[in-house]
Number of protein chains: 2
Amino acid sequence: MSQAEENYLKAIYTLQTEFGKSLSTNIIAAKIDTKASSVTDMLKKLSLKKLVIYKKYQGAHLTKKGNDLAIKVIRKHRLWETFLVNKLDFNWNEVHDIAEQLEHIKSDVLMAKLDAFLGHPKQDPHGTPIPNREGVFPEIENDYLSNIPTDTLCILVGVKNSSDVFLNYLNSKNIALNSTIKVLSVEPFDKSMLVEINNKQLLITGEVAINLQVIKQ
Amino acid sequence: MSQAEENYLKAIYTLQTEFGKSLSTNIIAAKIDTKASSVTDMLKKLSLKKLVIYKKYQGAHLTKKGNDLAIKVIRKHRLWETFLVNKLDFNWNEVHDIAEQLEHIKSDVLMAKLDAFLGHPKQDPHGTPIPNREGVFPEIENDYLSNIPTDTLCILVGVKNSSDVFLNYLNSKNIALNSTIKVLSVEPFDKSMLVEINNKQLLITGEVAINLQVIKQ
DNA sequence: TTTTATTTTTAGATATGTCTAAAAATTATT
DNA sequence: AATAATTTTTAGACATATCTAAAAATAAAA
């Protein structure tokens, strides 16, 4: 498996959870940031390897084998991200590019040992679930700050939206993983809320609140 | 810089410390396990990038720039090996192939943070010095078991020979990093010695003793 | 110092992964 | 249903990195 092939599998996997079964060449091209003709070439190759089902002009989707491999790459990506944030003290928004490289390192033993070293985490630093060695995603009941009643103490465990702009916003407000958060009041009109984060008061929009994943203390 | 280019630089660097200035195409080919014609192709490319000095039929050697890059790759390799052994609990002989992959990960910040996380180690688990961020190798006074007087307590900090056969030998005898070693007696005829390792007596050859790097307690 | 042997380079081929531009198929519109 | 617009595929090219086989240069031997 080459890195390019792994990247295609990962992209197709992600797009399938978003758009369902069959994916057009153009959608994959947009995701990978490449040309449609390149996607066609790769789909033919992945099809020969029985990793995707591909019919000309009809789009493609993953086979069981392709799905398993995609999940394996995703598992590696998320374990490495967890390592970078929890052990090496990276910020959330700095780890993605490095994890994109690390996810292609080939060694099952390494991943098993890294997993153990991290304490078999169920979620990465963005709060996204990490599939186990068998490819099964853990059940996680997600509470978002938007659904938490006032005056309940919470801890930030992840974000739903992990885009750069959002993570930069959080950094600029000193909102970090494990921050303690309490909702002080909610504005019924626009769901904006006054919250106390790390003992400081702050006004956040409803859009921010629905993206903050928390657990009640 | 591609992985292939980095591997060539590393190989040329290692060969230069062994054979001195100019290296023949065939020697490099043997080291990389490739064909002479491939080496010629790559030397031309590296020469264009000012990483090696190469003259047709006259061999090649690294420029300052090539040397610096080679040392950087070596630093990454040794830091990752240290991580694998010290943090992930790998054995010495299991880490080389994985470190060969990890050494190509591109991120200066990552290496700085990993270095700090490991406590700025001066030697990798084989006892080989790790160059610092400026590419300077630390001065290490190496004591080998062959030079240690009897009844002096030592700790194993590295090996001079890190071949698979030797590391497997050590594993089979339960000789590991940080083992305590005491020389009980030396046979003047062949320098073989009776030693106490982890409170067990063991007879080792002189050849083994000169490859065990220790520090006196 | 020729001849022979070895080393090194070149020329041309292959595999991967990408691209552009044109052709073919599909989908949308009138 | 025929035409137009869009999407997808093909054909051919390019870059990287490798290889084999032949040619050229260097080194060794007679």
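Convention: sequence-line order gives letters A, B, ...; per-chain numbering from 1.
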(request) Flag the pair Leu84(A) / Ile98(A) as yes when at least one side-chain heavy-atom distance between them is below 4.5 Å, and no otherwise. (result) yes
(request) Kindly indicate whether the side chain of Lys72(B), heavy atoms from C-beta on, has any atom under 4.5 Å from the side chain of Asp108(B). (result) yes
Identify each atom pair where a protein N or O and an N or O of nucleotides 22-29 of chain C are less than 3.5 Å apart, giving names and distance.
| from | atom 1 | to | atom 2 | distance (Å) |
| --- | --- | --- | --- | --- |
| dA25(C) | O4' | Tyr57(A) | OH | 3.4 |

(request) Begin with the C-alpha distance, continue with both residues' side-chain angles, and end with the deciding distance and a verdict on side-chain contact (heavy atoms from CB on, under 4.5 Å) for Met42(B) and Ile28(B). (result) CA-CA 11 Å; Met42(B) 184 57 92; Ile28(B) 299 171; over 6 Å; no
(request) Tell me whether the OP1 or OP2 atom of dT18(C) has a side-chain N or O from Tyr8(A) closer than 4.0 Å. (result) yes
(message) Looking only at side-chain N and O atoms, does Ser24(A) offer a donor or acceptor that is under 3.5 Å from a partner on Asn26(A)?
(response) no
(message) Quick check: do Glu5(B) and Lys49(B) have side-chain heavy atoms less than 4.5 Å from each other?
(response) yes
(request) Start with the C-alpha distance between His126(A) and Glu81(A), add both sets of side-chain angles, then the distance that settles side-chain hydrogen bond (donor to acceptor under 3.5 Å, both in side chains), and finish with yes or no. (result) CA-CA 9 Å; His126(A) 307 106; Glu81(A) 280 202 343; 2.9 Å; yes
(request) Locate the shortest heavy-atom distance separating Leu177(A) from Gly158(A); write the atom from each residue and the value. (result) CD1-N, 4.1 Å
(message) Side chains of Asn7(A) and His104(A) only: does a donor on one sit below 3.5 Å from an acceptor on the other?
(response) yes
(request) Quickly work out the Lys44(B) NZ to dT8(C) C1' distance and round it to whole Å. (result) 10 Å
(request) Calculate the interatomic distance between Lys49(B) atom NZ and dA15(D) atom P; express it in whole Å. (result) 14 Å
(message) Any residue in residues 19-42 of chain A with a heavy atom nearer than 4.0 angstrom to DNA chain C? Just list them by number, or reply none.
(response) Thr34(A), Lys35(A), Ser37(A), Ser38(A), Asp41(A)
